[in-house]
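Input: a single structure, listed below in structure tokens.
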Amino acid sequence: MAKKYYITTPIYYPSGNWHIGHCYTTVICDALARFHKMKGEEVFFLTGTDEHGQKVEKEAKARGVSPMEFVDPLVAQLKDMWRLLDISYDRFIRTTDADHVACVQKIYQKLYESGDIYKSEYTGRYCTPCEAFWTETQLKNGRCPDCGREVTLQKEESYFFRLSKYAPRILKLYEDNPEFLQPGSRINEMVNNFLKAGLQDLCVSRTTVKWGVPLPFDPKHCAYVWIDALSNYISALGYATQHDELYRKFWPADLHMVGKEIVRFHAIIWPAILMALGEPVPKQIYGHGWLLIDGEKLSKSKQEEARRQLTDPYQLVKRYGSDAVRYYLLREIPFGSDGEYTTERFLGRVNADLANDLGNLVSRTQAMIAQNFGGKLPARGPAEGPDAELIAMCEALFGKVDADMAALNAPEALSDIFAVVDRANKYIDETTPWLLAKDPAKKARLGAVLYNLAETVRICAILLKPFLTKAAAAVLKSFSFDENAGFDTLAFGKLKEGAAVEKLPPVFPRIDIKKQLEEVEKLVAEQQNAARSSAHPAAASGKAPVSIDDFSAIELKVGEVIACEKVAKSEKLLHETVKIGTEVRSVVSGIAKFYTPEEMVGKKVVVVTNLKPVKLCGVLSEGMILCAEDASGNLALVSPERDVASGGTVR
Ligand code: MSP
């Protein structure tokens with residue numbers, strides 16, 4: 001029976017701001033899936049979208065649409081991106097798919113009945129962008145330890161999963177199977193940062209979030225998005241249904257490939273859930289590094305729009321082709337570590353390896369066959385001089401690449417393939433076919449040299465197919481070789497004498513990097529200008545449009561701060577006394593980190609005067625002072641540009 005291989009990517013949040021970092025996990029998984037398929041294994045490759053939760057609920061509300069209306073076009077975009085990048089998934093699962101929802105409910109029901117899920121009350125900190133709960137001790141400076149953003153205090157009736165009970169079994173799992181979590185350093189991270197201190201039970205339901213899977217035993221609760229999301233790995237295979245053939249065939253997964261920031265969910269929570277269900281755990285979780293830009297993880301929240309556009313996979317694929325993007329991701333980033341992305345480095349890599357080394361080898365070989373043999377493959381001759389070394393390298397190549405891919409090391413696999421490409425280029429210099437061509441007595445030797453080159457190109461092209469999906473197939477076709485051939489055709493000497501050899505236009509034309517960089521910068525600037533001038537305000541801000549009547553319902557006035565003090569027990573709040581015309585109001589603002597009370601006195605500010613009064617830390621606030629906020633969360637007061645008497649309206 002054929003070997004089986006089940007590989008998954010994390011399912012993606014439908015954020016819409018796709019950057020090249022998002023493609024990293026999926027491109028690696030695709031290369032692995034293609035590689036195993038070409039080995040003749042039965043592969044199931046899963047990817048999809050993680051659509052429930054507070055984040056989506058909030059974004060949809062801000063745009064005045066339903067959560068489904070919000071996610072549908074984003075899911076279509078993501079699928080389109082995977083199509084452009086030739087991602088060969090076997091299923092694209094959405095957590096809104098009916099079979100997934102039903103499976104999540106079955107999982108909760110089973111855990112509830114076995115006593116692993118119980119009801120209690122949750123009080124703690126929640127990071128909405130990461131959809132993650134944190135204990136006080138896990139916070140960094142009071143903020144989310146993963147993304148550094150603010151967390152909110154949440155208190156609600158909740159169901160809990162007995163995660164604490166599984167800590168010893170998870171530790172034992174790591175001890176008995178060091179392969180379970182890779183690279184090895186991630187095991188230390190999990191043990192030192194989480195498991196050593198013991199695990200706390202995990203809150204796995206929410207009543208305040210409506211966009212999620214309702215719990216079958218208490219439908220006013222929705223499933224915690226991470227349990228919902230992780231379950232996709234088995235719901236996609238029909239777990240707990242009558243049609244669970246795929247589950248029986250492919251589970252446990254061979255590999256969950258994930259980014260390092262979500263290893264905790266995969267290497268602690270997920271195995272614990274599976275243990276509680278009495279199901280086997282996946283064979284391996286690999287936590288890869290990040291693609292960095294100026295040392296930061298590329299992400300929607302941290303990077304400016306211009307940078308994002310420079311790393312926009314659509315733009316990159318459109319300009320340089322999917323193979324270039326795939327190659328860069330697979331070759332350049334040392335596996336398991338972070339890798340710095342720059343457009344120069346990307347283009348440099350494509351030029352050096354693809355246009356120069358591979359492109360030249362293919363075009364020189366084909367040109368010489370066209371010139372000297374009328375485009376028909378000459379006969380293989382007896383091995384002479386450097387032939388034996390080249391042929392031996394070709395014959396040893398599959399073994400090396402296979403070992404590299406077993407170690408999930410795509411950069412090394414490509415480096416091994418390109419070592420043969422380099423050797424073949426050197427072989428041309430050594431055998432000097434252009435000199436052989438001048439001497440009719442050496443025609444047979446010239447033919448043998450070109451045959452060896454063509455065969456080397458073919459073998460490299462077959463091994464490159466999982467990585468460079470388009471170019472490799474085009475090269476094989478140009479040598480009249482089956483573009484769908486698998487690894488069983490790797491023996492040296494498969495090309496037939498007399499086969500038609502087409503002269504391809506350059507597979508990877510050389511890129512003028514300087515010109516490209518200028519063009520890309522120009523394009524980004526144009527796009528930004530276009531976005532600024534033509535975008536509907538709703539599109540620019542992400543909020544639903546309001547009418548002028550809605551806007552005039554808000555009363556804004558100029559006020560003068562006549563007294564100011566810190567609010568006791570708060571690090572963030574200042575209490576201002578603001579004179580607005582003849583009226584004096586008490587206002588509380590969260591600006592203590594940016595202004596001292598002394599600085600505030602005498603300032604002319606803009607106040608929202610018809611907000612309902614509230615008490616903040618016990619102090620009455622009868623309005624709100626407007627501030628501008630930059631991307632890092634720094635605040636600056638908004639003031640009239642010329643002096644305006646207090647009480648003046650702002651409109
Ligand atoms: N929805 C969760 C995963 C749930 S899995 C049950 C999620 N989604 S994500 O859209 O934020 O990330 C999807 C994948 O992209 C993750 O593996 C993440 O690590 C990866 N990347 C996102 N930005 C990245 C880089 N800059 N570099 C490399 N990969 C990173 O997490």
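Predicted model only: the values in this text are computed from it and were never measured. Atoms within each ligand, like the ligands themselves, are counted from 1 in listed order.
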Is the shortest N/O to N/O distance between Leu230 and ligand 1 below 3.5 Å? no
Can you find an N or O of Tyr233 that's nearer than 3.5 Å to an N or O of ligand 1? no
So, regarding Gly259 and ligand 1 (criterion: nitrogen or oxygen to nitrogen or oxygen, under 3.5 Å), is there a contact or not? yes
Thr26 and Tyr12 side chains, donor-acceptor separation under 3.5 Å: yes
Within a strict 4.5 Å, meaning less than it, do heavy atoms of the Tyr6 and Leu237 side chains meet? yes
Should Trp270 be listed as contacting ligand 1, given a heavy-atom distance under 4.0 Å as the test? no
Salt bridge (Lys or Arg N to Asp or Glu O under 4.0 Å) between Arg94 and Asp72: does it pass, once the steps are laid out? CA-CA 10 Å; Arg94 300 181 55 173; Asp72 272 347; 2.7 Å; yes
At a 4.0 Å cut-off, with the gap strictly under it, does some heavy atom of Lys260 reach an atom of ligand 1? no
Could you tell me whether a side-chain N or O of Trp211 sits under 3.5 Å from a main-chain N or O of Glu51, the two making a donor and an acceptor? yes
Can a salt bridge be assigned to the pair Lys119 and Asp218 using a cut-off of 4.0 Å between side-chain N and carboxylate O? yes
Nitrogen or oxygen of His266 less than 3.5 angstrom from that of ligand 1: no
Between His100 and Thr95, does any side-chain donor sit less than 3.5 Å from a side-chain acceptor? no
Give the numbers and elements of all ligand 1 atoms closer than 4.0 Å to a heavy atom of Trp226. 2 (C), 3 (C), 4 (C), 5 (S), 6 (C)
With a 4.0 Å cut-off on heavy atoms, is Gly289 in contact with ligand 1? yes
For ligand 1, which is the ligand I care about here, please tell me if Tyr24 has any N or O atom under 3.5 Å from one of the ligand's N or O atoms. no
For Asp80 and Tyr314, which I'm curious about, is there any donor-acceptor pair between the side chains at under 3.5 Å? no
Quick look: Leu291 vs ligand 1, heavy-atom contacts under 4.0 Å, and the answer is both
